[in-house]
Novice: 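Please read through the structure below; I'll follow up with questions.
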Amino acid sequence: MGKNISENDIIKNMEDAGCDEACIRHFLKCFRQGNEKEELETLANHRDCILDKLHEAQREIDCLDYLVYRIEKQKD
């Protein structure tokens, strides 16, 4: 990552993205070492975790929608 972004900006963005302190510390270590490959891997791993949570939430919504459908169908 280019050095034109400040560490404070990185921290704020990563906090906003739900990264924990360990993830942020690891990313900053890579950032300071200029290890862009590992920076991107760290971000990709966190993105994958968020996506997994999203898919689980969608499955839960689908279950609720199905229950609502069954209840409404039963009324007819």
Novice: Is any NZ, NE, NH1 or NH2 atom of the basic residue among Lys75 and Glu72 found under 4.0 Å from an Asp or Glu carboxylate oxygen of the other?
Specialist: no
Novice: Take Leu51 and Arg47 through the side chain to side chain contact (heavy atoms under 4.5 Å, CB included) test and state the conclusion after the steps.
Specialist: CA-CA 6 Å; Leu51 196 54; Arg47 184 184 186 281; 4.0 Å; yes
Novice: Should we count CD of Gln74 as having more than 12 external heavy atoms under 6.0 Å?
Specialist: no
Novice: Would you say that Cys49 contacts Asp52 through its side chain, given a criterion of any heavy-atom pair below 4.5 Å between the two side chains?
Specialist: no
Novice: In Å, rounded to the nearest 0.5 Å, how long is the span from NE2 of His55 to CD of Glu60?
Specialist: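 Reported value, rounded in 0.5 Å steps: 13.0 Å.
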Novice: NZ/Lys12 to CG/Asp16 distance, rounded to the nearest 0.5 angstrom?
Specialist: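 Going from the NZ atom of Lys12 to the CG atom of Asp16 covers 3.5 Å.
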Novice: Just verifying a value: how many Å separate Asp62 CG and Tyr69 OH, rounded to the nearest 0.5 Å?
Specialist: 14.5 Å
Novice: Taking C-beta and beyond as the side chain, do Gln58 and Ile61 meet within less than 4.5 Å on heavy atoms?
Specialist: yes
Novice: When you measure from the side chain of Asn45 to the backbone N and O of Glu41, does any donor-acceptor pair fall under 3.5 Å?
Specialist: yes
Novice: Quick check for you: to the nearest 0.5 Å, what is the distance between Glu15 atom CD and Ile24 atom CD1?
Specialist: 4.5 Å
Novice: Might you point out which heavy atoms bring His46 and Ala17 nearest each other, and give the distance in Å?
Specialist: NE2-O, 2.8 Å
Novice: Could you pull out the closest heavy-atom pair between Phe31 and Ile5, with the gap in Å?
Specialist: CZ-O, 3.6 Å
Novice: Measuring from Asn13:CG to Asn8:CG, what's the distance to the nearest 0.5 Å?
Specialist: 12.5 Å
Novice: If you measure from CZ on Arg25 to CD1 on Ile11, what distance do you get to the nearest 0.5 Å?
Specialist: 11.0 Å
Novice: Side chains of Asn35 and Glu39: closer than 4.5 Å at any heavy-atom pair?
Specialist: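 SC-SC contact between Asn35 and Glu39 ruled out.
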Novice: Using a 6.0 Å cut-off, check whether atom CD of Glu21 has over 12 heavy atoms from anything other than its own residue.
Specialist: no
Novice: Please determine if Glu38 and Lys29 form a salt bridge, counting it only when a charged side-chain N lies under 4.0 Å from a carboxylate O.
Specialist: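 Here Glu38 does not pair with Lys29 in a salt bridge, since their nearest N and O are not under 4.0 Å apart.
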